[in-house]
Amino acid sequence: MARRPDARALLFERIRTSPPKFVHVRGVPYTVAVEQNEDPAKIDHVFLNVEVPPFGRLRVAINTLSRISREAGCDPRVRVGIIKSTYTEKPQPSLEECNGLDYAKQDEKHGVQYEVYEQAALTEMLVTKMKLAIRAEIWGELYARDHLGIHQVHSRKASKAVPQDVPNRDGALKLYYPQDNAAEAFLFKFDGQP
């Protein structure tokens, strides 16, 4: 009797053979790491690995600066908007395709204020908060390389460095903390994005 492929193997194959999928993922934080590279100019991510049964661990890549903006002569810093909330139950791990996310709707609903972060400060803040989190929710684009992951966890509106607008595909990160059932959603924008 032939072995049936597991859910992770099927997901890998589906990602590799189809157009990019925009997904909504809920997972259990597993590890946090700052990107490593011999060339410090190429370090621009913090990685949050989340456990999402039955797919296993997924790597979430969060930008701490925009190399594309820097190379175009624009401001490489990331603007971050934080939406604070509380929860009654931790979300159960899941991965599903979704119709998208639009920051404009979140900005209007929550009156989001964005703060510009230097790379070191953003890295420190994200690592600290990710290590405290007991659950994570991510909106972004699924990818498969030598691992499964989610990237494009930021606004996809046109910026000064990238003129292409990708509507309804804004990525975001939401972290759930054990203290006081607090949660924070993080919205990330680059130079020139509305």
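No hydrogens, no waters, no symmetry mates; every other heavy atom, side chains included, goes into these values.
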Just verifying a value: how many Å separate [X] [atom1] and [Y] [atom2], rounded to the nearest 0.5 Å?
X	Y	atom1	atom2	value
Phe188	Tyr117	CZ	OH	9.5 Å
Leu173	Ile62	CG	CD1	4.5 Å
Leu95	His24	CG	NE2	10.0 Å
Glu141	Phe22	CD	CZ	8.5 Å
Arg79	Leu122	CZ	CG	13.0 Å
Lys129	Tyr177	NZ	OH	4.5 Å

Test item: Asp39 side-chain N/O and Ala41 main-chain N/O as donor-acceptor pair under 3.5 Å:
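Looks like yes, one N/O pair under 3.5 Å.
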Flag, side chain of Arg135 to backbone of Pro91, donor-acceptor distance under 3.5 Å
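Between the backbone of Pro91 and the side chain of Arg135 there is a qualifying donor-acceptor contact (under 3.5 Å).
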Test log, rule side-chain contact (heavy atoms from CB on, under 4.5 Å), inputs His154 and Ser66:
CA-CA 11 Å; His154 53 73; Ser66 170; over 6 Å; no
Shortest non-hydrogen contact from [X] to [Y]?
X	Y	result
Pro76	Ser69	CA-CB, 4.0 Å
Met130	Pro29	O-CB, 4.4 Å
Val112	Gly81	CG1-CA, 3.6 Å
Lys160	Gly192	CG-CA, 3.8 Å
Leu187	Ile83	CD1-CD1, 4.0 Å
Gln193	Ala158	CG-O, 3.5 Å

When you group the ILVMFWY residues by side-chain heavy-atom contacts below 4.5 Å and let the links chain together, are [Y] and [X] in the same group?
X	Y	result
Leu132	Met125	yes
Tyr87	Val28	no
Leu65	Val162	no
Val34	Val153	yes
Ile43	Phe190	yes

side-chain contact (heavy atoms from CB on, under 4.5 Å), that's the test. Do Arg169 and Leu101 meet it? Break it down for me.
CA-CA 6 Å; Arg169 289 290 184 265; Leu101 180 69; over 6 Å; no
Walk me through whether Thr31 and Asn49 qualify under side-chain hydrogen bond (donor to acceptor under 3.5 Å, both in side chains).
CA-CA 5 Å; Thr31 60; Asn49 291 303; 2.8 Å; yes
Please walk me through it: do Lys189 and Val78 pass side-chain contact (heavy atoms from CB on, under 4.5 Å)?
CA-CA 6 Å; Lys189 291 185 176 182; Val78 178; over 6 Å; no
Classify the side-chain pair [X]/[Y] by whether it contains a donor and acceptor separated by less than 3.5 Å.
X	Y	value
Tyr143	Gln152	no
Ser159	Asp191	no
Asn181	Tyr176	no

For [X], look at atom [atom1] and say whether over 12 heavy atoms of other residues, nucleotides or ligands are found less than 6.0 Å away.
X	atom1	value
Glu97	CD	yes
Gln164	CD	no
Asn37	CG	yes
Tyr114	OH	yes
Glu184	CD	yes

Show your working on side-chain hydrogen bond (donor to acceptor under 3.5 Å, both in side chains) between Thr64 and Gln119 and close with a plain yes or no.
CA-CA 5 Å; Thr64 55; Gln119 183 180 19; 3.1 Å; yes
Run the salt bridge (Lys or Arg N to Asp or Glu O under 4.0 Å) test on Asp170 and Arg156 for me, step by step, so that the C-alpha distance in whole Å, both residues' side-chain angles and the decisive distance to 0.1 Å come before the verdict.
CA-CA 5 Å; Asp170 296 335; Arg156 302 291 304 278; over 6 Å; no
Determine, stepwise, if the pair Lys157 / Asp102 fulfils salt bridge (Lys or Arg N to Asp or Glu O under 4.0 Å).
CA-CA 9 Å; Lys157 302 289 187 284; Asp102 185 348; 3.1 Å; yes
Go through it in stages, so that I can follow the logic: the residues are Arg26 and Glu96, the test is salt bridge (Lys or Arg N to Asp or Glu O under 4.0 Å), and I'd like the CA-CA distance, side-chain angles, deciding distance and then a yes or no.
CA-CA 9 Å; Arg26 297 171 188 92; Glu96 60 195 6; 3.5 Å; yes
Between [Y] and [X], is there a side-chain heavy-atom distance shorter than 4.5 Å?
X	Y	answer
Asp180	Thr86	no
Ile134	Lys90	yes
His45	Asn63	yes

Assess the residue pair Val32 and Phe47 against the criterion (side-chain contact (heavy atoms from CB on, under 4.5 Å)); give the C-alpha distance rounded to whole Å, side-chain angles, the decisive distance to 0.1 Å, and a yes or no.
CA-CA 6 Å; Val32 177; Phe47 299 124; over 6 Å; no
